[in-house]
Amino acid sequence: MFKQTILAAALVLLACTVGGTTTKGGAAVAQAAPAEKPPVYTYVSEWTVPRAMWADYKKEDEADVDAMKKGVADGTLISFGTFAVLNHQEGEPTHGSWFSATSMANLMKFLEGLRNAPGATAPVLAASKHWDYIVSGTIHNGHSGTFTNGYLRVARWPAKAGTDDPDGKIVKSTMVAVLEKLFADGALHSYNIDQETIHSEDPGTMFVVFVANGAEGLDKFNAAVDDMRKNNPAASAAYGTLIDAHGHRDTLARVNTMTNK
């Protein structure tokens, strides 16, 4: 989910919003970003599975999904999902999964259960390169239910040295406002903005994530970017002071299944 990480045109997207408003047809339209919520902690696993073993991985994936369903049912987890990467890169992840909880204690409780499950030592896992990430954030939203038509887009944005965004005002009035509107319109199943809790990337690196409601959701996102690029090019400089664009990476993946409580 994060090794090669949404928003190939995110600077364009952020150039389209400023001060909590967007413009359309020359008219300003207020878009208040949602208030921060209690933190959610997410564990992400990525695998580079040899192509000849993709069917074997799918069997292990299905077993994990059964376990994650139980985790949601008993209250340990609040969401989970599995995915297959579409923009493949040599030696980089091909598959992955995530699960989320409202505390590190519940996250670790569920993780330990998975690590002790019979399939944890399956040959396909032993033959695959592997990465894990633990991230958290207070900016997130998701529709309740189980979805099998999602497309995951993830962007990794390293922080620019010497800059700051007090209380996240720039991010909230630009990126978050855009994602919230798409979410409210039904184009997205979920979105979140995270930073690592256990750092394997540079501190301050921001992960912007959404799951689109089908491929149509991707088109709606792209259309929104195009529309906003034409009408409000003013905010890219403000957002550009926060991030190192040279370190930006994107991932697009097909979500096999996801559940939000």
Side-chain angles (χ1 to χ4, degrees), residues 1-20 22 31-44 78-79 81 83 98-102 107 133-143 150-160 163-184 187-212 217 221 224-225 228 235-236 238-245 247-253 255 258 260:
M1 189 174 185
F2 296 119
K3 182 65 178 179
Q4 288 285 84
T5 49
I6 139 184
L7 307 181
L11 276 178
V12 174
L13 183 156
L14 289 165
C16 304
T17 58
V18 64
T22 63
Q31 289 186 10
E36 289 188 358
K37 300 178 179 181
V40 165
Y41 300 87
T42 301
Y43 192 94
V44 183
I78 60 170
S79 67
F83 59 90
W98 77 87
F99 54 85
S100 301
T102 57
L107 203 70
Y133 300 85
I134 302 175
V135 299
S136 64
T138 58
I139 300 174
H140 49 83
N141 217 339
H143 294 295
Y151 284 86
L152 170 71
R153 291 194 65 179
V154 182
R156 179 181 63 126
W157 290 102
K160 184 175 287 186
T163 60
D164 193 17
D165 182 15
D167 301 320
K169 290 181 179 179
I170 295 174
V171 171
K172 291 175 185 176
S173 65
T174 55
M175 179 74 75
V176 180
V178 169
L179 294 174
E180 182 64 19
K181 184 177 188 306
L182 288 167
F183 175 79
L188 309 181
H189 289 313
S190 67
Y191 75 83
N192 51 286
I193 296 181
D194 292 319
Q195 292 191 6
E196 286 188 299
T197 299
I198 307 299
H199 290 100
S200 56
E201 301 278 351
D202 292 338
T205 297
M206 179 173 62
F207 299 96
V208 181
V209 185
F210 72 67
V211 177
F221 169 77
V225 171
M228 289 183 291
S236 61
Y239 188 75
T241 64
L242 303 178
I243 53 90
D244 179 3
H248 171 62
R249 296 293 184 271
D250 295 316
T251 287
L252 176 65
V255 176
M258 65 176 290
N260 296 323

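Below, each value reflects all heavy atoms present in this structure, side chains not excepted, and no hydrogens, waters or symmetry copies. The shown structure was predicted, so the numbers you read here are calculated from the model rather than taken from an experiment.
Leu152 is listed as a side-chain neighbour of Val209, based on a closest heavy-atom distance under 4.5 Å. Between Thr102 and Ile78, some side-chain heavy-atom pair lies under the 4.5 Å cut-off. No side-chain heavy atom of Met258 sits less than 4.5 Å from a side-chain heavy atom of Phe83. In this structure, Phe207 and Asn192 have side chains that are not in contact, with every pair of non-hydrogen atoms separated by 4.5 Å or more.
Taking each heavy atom of Gly217 and Ala212 in turn, the nearest pair found is C-CB, 3.9 Å. In terms of heavy atoms, Ser136 sits closest to Thr197 at OG-OG1, 2.8 Å. Considering every non-hydrogen atom in both Thr42 and Ser100, the closest pair reads OG1-OG, 2.7 Å. Scanning both residues, Tyr43 and Ile134, for their nearest heavy atoms gives CD1-CG1, 3.5 Å.
Between Thr138 atom OG1 and Lys37 atom NZ the span is 10.5 Å, to the nearest 0.5 Å. For the atom pair OH of Tyr151 and CG of Leu188, the computed distance is 14.5 Å after rounding to the nearest 0.5 Å. Thr205 contributes atom OG1, which lies 6.5 Å from atom CZ of Arg156 (distance to the nearest 0.5 angstrom). Distance CG/Leu107 to CZ/Phe99: 5.0 Å, rounded to 0.5 Å.
Looking at His140, its side chain does come within 3.5 Å of a backbone N or O of Pro38 through a donor-acceptor pair. In this structure, the side chain of Glu196 engages the main chain of Glu201 through a donor-acceptor pair within 3.5 Å. When atom types are taken as modelled, the side chain of His143 and the backbone of Phe183 share a donor-acceptor pair closer than 3.5 angstrom. Using modelled atom types, no side-chain atom of Asn141 and backbone atom of Tyr191 make a donor-acceptor pair closer than 3.5 Å.
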Is there a side-chain contact (heavy atoms from CB on, under 4.5 Å) between His189 and Phe210 once you walk through the steps? CA-CA 8 Å; His189 289 313; Phe210 72 67; over 6 Å; no
